[in-house]
Every structure is written in C-alpha cells, then in structure tokens.
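So the structure is just underneath, and the comments pick up after that.
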Amino acid sequence: LRPRAAAAALVFLAASAAGAQTRYVAIGDSITAGFQGNCLVERNQVNSFPAIIARQLGITDFQLPTVTETTTITNPAIGCLGAVVANNTISVGPVSQPVGPNNLALPRPYDNLGVPGFRVSHVLNLRHASGTDTANFFASFILRNSTGPLEGTSALDQAQLRLGGSSDLATVWIGNNDVLNGVLSGIPLDGVTTTPLASFEADYTTLLEDLAAFDYAEAERIVTLNVPAVTALPFATTIPPVVVNPVTRQPVLDPNGNTIPLLGSRTSATCPTAPCPIPPTTLVTLQAQSMLATGRGIPCAVAPLPNCNQPLPDGSFTPPATLTPGVLLYADEVAFLTQRVLDINAIIAEQSAAVGATEIDIYAIFNEIRADGLTIGGVELSGAFLSGGLFSADGFHPSTIAHGIIADRIIQAINRPERPNLANFLFTPNTPGTVHPLAISESWSALFTGCPPQEGVRIDLSEAASAEPDRAPVQPIRRGRRP
C-alpha cells in the first residue's frame, strides 16, 4: 500500500481482510459512477454497471456513495436531464435535482469508486479533495479523503483496502475524460483538454501494476475497459452542419436545391473574414442547440433572427489557464481526437495484457452497435440521441439499458453464468416522477413509436399517444451522415 494510506490501512485492516464472500470494487469515472443526464443520483447509481454486476454475483454488501434527488427544481443549471413532454412534443430538460449524499457515514471505502470528472492521473494522485472542479467536487463525498480515517487516500488506495480475497474482482474503466474533454469543450488541446500520451501511459501502467501487485489479483480477476469513439457520441453527431427547419427538422435548401451550411468563426482561403460557412465534415455539438434557436450560426438571408450572421463559437485557449469552450469540431480536430482514442486504447490493451487483465473492447462493441443497431427482446436500439435508447439525455453518458449491456459483457468475460435480465431495463421507465403515461405503462421506446425523430431532439407525440399497446419496435433514426 502507498505510504500515505498506511494509517487508513490500519483503521480498515479488519474490513479489508479476505472474507467468505466475493468482493468487487469498481474504479473509474462518471460512467462507472452511474452518472446520467448531467447528474449523479441514486436512481441511476443502483443501476450502474458495477451495481448490476454485484447483484448478479450475489454480493450483498456492495456500497455506493448514493445521492438523493427531488422533483422540485430550484436550480435548472444543476438539474438532471430527461425527456420532458409538453404539447405533444418531447424535448430535453431538467426532470429532477440532486439533493445530496446520503451514505456518508459508511465506516469504510465505497465499493463503487467511480468519480465523475476523473482522468487516470486522478485515480493515483487525488488524495485530498478540494476545490470546485468536477473531479474534486465529487471526490469530496465519494472518496471522503479530506478529513477522517480516509484522509490522504486515493481511489486506488481505497480499492486496495477493500480487496484481498482470491475470488475478489476489480474493474477499471478510466481514460474517457483523458480525451472526451476535447469534445465537450469543443477544443482538443494536449495538456489542457486532453492528456498527453506519455503521461497517460505512465499513469495507466502504474495503476494496473499497483492493482495487480497483490495476491488476490489473478488474471481473470481484473477487468479493464477501453474508450469508445468520442467523436461518434450523440453529443457530437446529432446536430447536422447545415441549417435545419426547426418544425420539420429537415435541411433548408437554397434555390439550387443545395443545403445551406451553418456559420462558424474559422476562416479559410475562400472565406478570409468570419463568419464563414462550416465545411460538411464539421461536427456541431449539442451545446449549439440554444444558440441556433436564437439564430446564431444561421445566415440572416435564411432566417432574420436576432443573432443571425453571428458565427457559432470555436473553442480557444489563452495561456496560462483561460479556456473558452466552443461548439464546433473541425475536420483536423476530429482527426486528432479519433487518433488519440486509438492511441489510448492501444496503451490500455498493452498494459492489460502485461498484468494478465481481461480487457473489454468497448470501442468495438459501440462501433458495431452504431453501425448495425442492436435488437433485444424485440426492441431495436441504436446510438441515436434520446430515442436510440443507449445514451442518457446529456448525449454522452450511457443509459441504464447500456449499463445493463456493459454489465452483461463483463459477466460473460469472467465466465460467470449469472447474466442480467435486460428486460428489467428495457421495460422499466427510468424517471424520477410522473411523465408521459406511455413511458409509465410500457417503456422508453413507447414514446417514439410511430413518429421517430429525423434530426435533433424535438418529437411529436400526437400519433404515439393514441398508438395501440402491441405496437412495433421503435425504428432507428436515419441520418444523412454517419460518424
């Protein structure tokens, strides 16, 4: 154990001794934590893939840093996003609000040590949570390492305190934020929004070597997961790079029948002064939705809205520490992020093999589902935003259904027969309160049957509301481009 954790190790020595029951510890970031729809709440934590695995393996003492929620929303900025139904239309908006942690008195580390905002370096080095950034905010009540008996311990230290039996299991899914932040901020910049490869490799190697250094760590008892294609997430692929009619959700055409590009701030040889038409290879993130609604990014000749002819912002960085987020990812930025994911995944594969860990190729699994879809129990899933079923309402965190699929893949990989029943997630509404009656009586997919959206997030429910119960499965969204 690392020296700074020595005192805590003595306190928790009895709790860490190998017992009769298998112990399972999950190390990771917001996905592991069960973060969905822009927030962390118990409703989703209990159906995170680690919690599902623990239930399937019969682990009765799998402890979570649970957070309560309320449907009384006083601050929409921190609200949990979900499908909001009004006037026969579905949009994305706040459906509840986190209240606060309710398991702080647990006299030992939690078993789910996923911390939103964590990069690989945080797992090793964040031993005293402080500050208001995402990683420190959530670490303050998940790791509880600022004061008390766990003071000075990292997520890795706390995992080591829990593990010790020959049948214990650890999953490691870290690395998403080491590249994803380049997408969310609209500016991939090494050392700022993305982690330099050399740093990632050094930290990931240390993480797996330290985790595998204990007697409990047999080859099949450590499972690693790699990073999905971050530029193919709904957050970056839902809004097309052209002007769209907000009512029909179809592209607006010029007199010659051509689509009309949105406007950006990056200039080119053919457009030396901004605003300039963005190339068709540009990705527009979901953060642009509110801007487009006011006309920003739209030529005034198409729609004379208040902010027309103003370019959508491209991200920028002013040293030493001023980051200005953007909503556009140009082709060179997409290429950088695409290659960075491949490089990170190569490191994860190499280091997993070096310690004998079992690797789950999430990158390949998600690519396959995105290309071909996935049908479970007659329900067709896809990577489409909101209606595809696999992503939560923020457009990049997996949904409860996806957590069930991930848990199932891990259980298969460790050769255990206790696979989860995915119908529990497909046909059980995930809502904090009362929503559209179809979502309560059947499933999420009932909301979209009969009139799936073609683009964006606006969906007319007038037909779905009167559809018969034995309707056909939801149809996948068809788009003009595929990431």
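Since this is a predicted model, take the numbers as computed values, not measurements.
Of all non-hydrogen atoms in T231 and A236, the two that sit nearest each other are O-CB, 3.9 Å. The heavy-atom pair separating A357 from T224 by the smallest distance is CB-CG2, 4.1 Å. Heavy atoms only, all atoms of each residue included: P272 and T267 are closest at O-CG2, 3.4 Å. Closest approach of A407 and I53 over heavy atoms only: CB-CG1, 3.8 Å. Among all heavy-atom pairs drawn from A33 and V115, the shortest one is CB-N, 4.5 Å. Nearest heavy-atom pair, I142 versus L40, reported as atom, atom and distance to 0.1 Å: CD1-CD2, 4.3 Å.
Within the 3.5 Å criterion, the main-chain N or O of I347 finds no donor-acceptor partner in the side chain of E201. Of the possible polar contacts, one joining the N245 side chain to the T248 backbone as a donor-acceptor pair under 3.5 Å is found. Formation of a donor-acceptor pair under 3.5 Å by the S399 side chain with backbone atoms of G389 is found in this model. No donor-acceptor distance shorter than 3.5 angstrom exists from the side chain of T400 to the backbone of F425, with no hydrogens or angles considered. Between the side chain of D254 and the main chain of N256, a donor-acceptor pair closer than 3.5 Å is present. Using modelled atom types, one side-chain atom of Q45 and one backbone atom of P65 make a donor-acceptor pair closer than 3.5 Å.
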**Report entry** Verdict with supporting geometry, T194 and L337, side chain to side chain contact (heavy atoms under 4.5 Å, CB included)
**Finding:** CA-CA 9 Å; T194 61; L337 292 164; 4.2 Å; yes
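Remark: T270 pairs with S268 by the side chain to side chain donor-acceptor pair (under 3.5 Å) rule, at least two apart or across chains. Not counting sequence neighbours, the partners of N47 by the side chain to side chain donor-acceptor pair (under 3.5 Å) test are R55. Remark: D408 engages R419 in a salt bridge (Lys or Arg N to Asp or Glu O under 4.0 Å) (not counting sequence neighbours). Applying the side chain to side chain contact (heavy atoms under 4.5 Å, CB included) rule to T32 yields the partners A26, F49, P50, N112, W173; only residues at least two apart in sequence or on another chain are considered. Every residue two or more places apart in sequence or in another chain that forms a side chain to side chain donor-acceptor pair (under 3.5 Å) with T195 is listed here: R119, D178. Among residues two or more places apart in sequence or in another chain, the side chain to side chain contact (heavy atoms under 4.5 Å, CB included) test is passed with T74 by T72, Q97. Remark: T171 engages Y24 in a side chain to side chain donor-acceptor pair (under 3.5 Å) (not counting sequence neighbours). Residues passing the side chain to side chain contact (heavy atoms under 4.5 Å, CB included) test with D203, sequence neighbours excluded: V120, S121, L124.
Counting only residues at least two apart or in different chains, salt bridge (Lys or Arg N to Asp or Glu O under 4.0 Å) contacts with residues 37-46 comprise R43-E69. Under the disulfide (SG to SG under 2.5 Å) criterion, the residue pairs touching residues 284-349 are C300-C308, with sequence neighbours excluded. Within the structure, salt bridge (Lys or Arg N to Asp or Glu O under 4.0 Å) pairs that include any residue of residues 183-192 comprise D190-R340 (at least two apart or interchain). Pairs engaging residues 306-335 under the salt bridge (Lys or Arg N to Asp or Glu O under 4.0 Å) rule: R266-D314, R266-D332, R266-E333 [sequence neighbours left out].
For the side-chain contact (heavy atoms from CB on, under 4.5 Å) criterion with V230, the lone passing option out of L180, N181, N177 is L180. Remark: of the listed residues F366, F235, F385, F235 is the sole one forming a ring pair (Phe, Tyr, Trp, His ring centres under 6.0 Å) with F396.
A heavy-atom distance below 4.5 Å is found between the side chains of P76 and P94. The closest side-chain heavy-atom distance from L286 to I239 is below 4.5 Å.
Ring geometry for F141 against F137 counts as perpendicular: the plane angle is over 60°, on a 0 to 90° scale with 30° as the lower cut.
With rounding to the nearest 0.5 angstrom, the OH atom of Y110 is 10.0 Å from the CG atom of L143.
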